[in-house]
Amino acid sequence: MIIFVYNADSGIVNVSMDVAHKLLSPSTYSCRLCQMTYGVLAERRVWKHFRQSTGEDFLFLHRDEFEARFVNRFEYPVILKKSGDKLSVVISQLEMEKMSDVTELIDRLEGVVT
């Protein structure tokens, strides 16, 4: 299983604030994973196609949801691989910050997914 953890908390108020932040000041938005995989309101087509075409089990969590389920803590956003009870970093926050767009993210993930 691949776990994607956004650098944002869940809930309608937080989502609304994130949308406003993306619209008003996209360059200061703190979740690179969200920037690459979503536009202001909808999932990017290329990302949706990749996500639906892979046989891998993906789990998408906000930071607060992840921390409620797992004891591990990371710099967010982060992409993890869960094997049994072990979590390993696939793409760190620092690596994600260096990515130019969603196609680079997909290229990196293609080497990890089954």
Side-chain angles (χ1 to χ4, degrees):
M1 172 187 296
I2 305 294
I3 303 173
F4 298 80
V5 185
Y6 296 104
N7 189 27
D9 288 328
S10 62
I12 191 71
V13 172
N14 290 318
V15 170
S16 299
M17 289 175 55
D18 286 344
V19 168
H21 193 164
K22 282 187 202 177
L23 281 169
L24 300 173
S25 186
S27 64
T28 64
Y29 188 68
S30 64
C31 185
R32 185 71 181 127
L33 177 59
C34 187
Q35 287 175 325
M36 288 190 290
T37 59
Y38 279 82
V40 174
L41 296 174
E43 189 174 18
R44 297 189 191 282
R45 274 186 246 157
V46 66
W47 174 251
K48 185 175 183 177
H49 179 266
F50 168 75
R51 184 180 53 74
Q52 292 175 337
S53 67
T54 181
E56 186 71 48
D57 189 17
F58 289 161
L59 176 62
F60 296 89
L61 298 171
H62 292 91
R63 177 182 50 222
D64 62 321
E65 296 166 324
F66 176 81
E67 292 182 354
R69 291 175 71 166
F70 297 93
V71 296
N72 307 69
R73 298 297 177 259
F74 299 91
E75 293 292 321
Y76 306 111
V78 66
I79 301 172
L80 307 163
K81 184 167 181 104
K82 185 175 187 293
S83 300
D85 290 336
K86 183 180 177 192
L87 292 175
S88 57
V89 175
V90 173
I91 302 175
S92 71
Q93 181 267 340
L94 289 174
E95 292 171 302
M96 224 176 293
E97 287 298 320
K98 295 175 184 174
M99 292 182 177
S100 59
D101 59 25
V102 70
T103 56
E104 192 172 344
L105 175 64
I106 290 169
D107 288 346
R108 285 284 307 278
L109 288 170
E110 283 179 334
V112 176
V113 297
T114 56

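No hydrogens, no waters, no symmetry mates; every other heavy atom, side chains included, goes into these values.
In this structure the side chain of Phe66 reaches within 4.5 angstrom of the side chain of Leu80, judged on heavy atoms. At least one side-chain heavy atom of Glu97 sits less than 4.5 Å from a side-chain heavy atom of Gln93.
For the atom pair CG of Leu94 and CZ of Arg32, the computed distance is 13.5 Å after rounding to the nearest 0.5 Å. To the nearest 0.5 Å, atom NZ of residue Lys98 and atom CD1 of residue Ile91 are 13.0 Å apart. Taken to the nearest 0.5 Å, the CG atom of Leu105 stands 11.0 Å off from the CZ atom of Arg44. Atom CH2 of Trp47 and atom CG of Leu109 lie 5.5 Å apart (nearest 0.5 Å). Rounding to the nearest 0.5 angstrom, the gap separating the CE atom in Met96 from the SG atom in Cys34 is 11.5 Å.
Between Phe58 and Phe4, the ring-plane angle classifies as perpendicular under the 30° and 60° cut-offs. Ring-plane geometry between Phe74 and Tyr76 is classed as perpendicular, the angle between the planes exceeding 60 degrees on a 0 to 90 degree scale with a lower cut at 30.
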Criterion side chain to side chain contact (heavy atoms under 4.5 Å, CB included) on Phe70 and Leu61, from CA distance to verdict: CA-CA 11 Å; Phe70 297 93; Leu61 298 171; 4.2 Å; yes
Audit row: Ile79, Ile2, side chain to side chain contact (heavy atoms under 4.5 Å, CB included) steps and yes/no: CA-CA 7 Å; Ile79 301 172; Ile2 305 294; 3.5 Å; yes
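In terms of modelled atom types and a separation under 3.5 Å, the side chain of Arg63 and the main chain of Tyr6 share no donor-acceptor contact. When atom types are taken as modelled, the side chain of Lys82 and the backbone of Gly84 share a donor-acceptor pair closer than 3.5 angstrom. The backbone N or O of Asp9 sits nowhere less than 3.5 Å from a side-chain atom of Asp64 that would complete a donor-acceptor pair. Checked by atom type and distance alone, the side chain of Arg69 never pairs as donor or acceptor with a backbone atom of Glu67 at under 3.5 Å. A donor-acceptor pair under 3.5 Å is absent between the side-chain atoms of Asp107 and the main chain of Glu110, judged by distance alone.
With sequence neighbours excluded, no residue forms a salt bridge (Lys or Arg N to Asp or Glu O under 4.0 Å) with Glu75. Glu95 meets the salt bridge (Lys or Arg N to Asp or Glu O under 4.0 Å) test with Arg108; sequence neighbours excluded.
When every heavy atom of Leu33 is checked against every heavy atom of Val5, the shortest pair comes out as CD2-O, 3.9 Å. Shown here for Val78 and Ser92, the closest heavy-atom pair between the two residues is CG2-CA, 4.3 Å. Nearest heavy atoms, Asp101 versus Thr103: OD1-OG1, 2.5 Å. Of all heavy-atom pairs between Glu43 and Arg51, the closest is OE2-NE, 2.7 Å.
Remark: Arg73 CZ is packed, more than 12 non-hydrogen atoms of other residues, nucleotides or ligands lying under 6.0 Å away.
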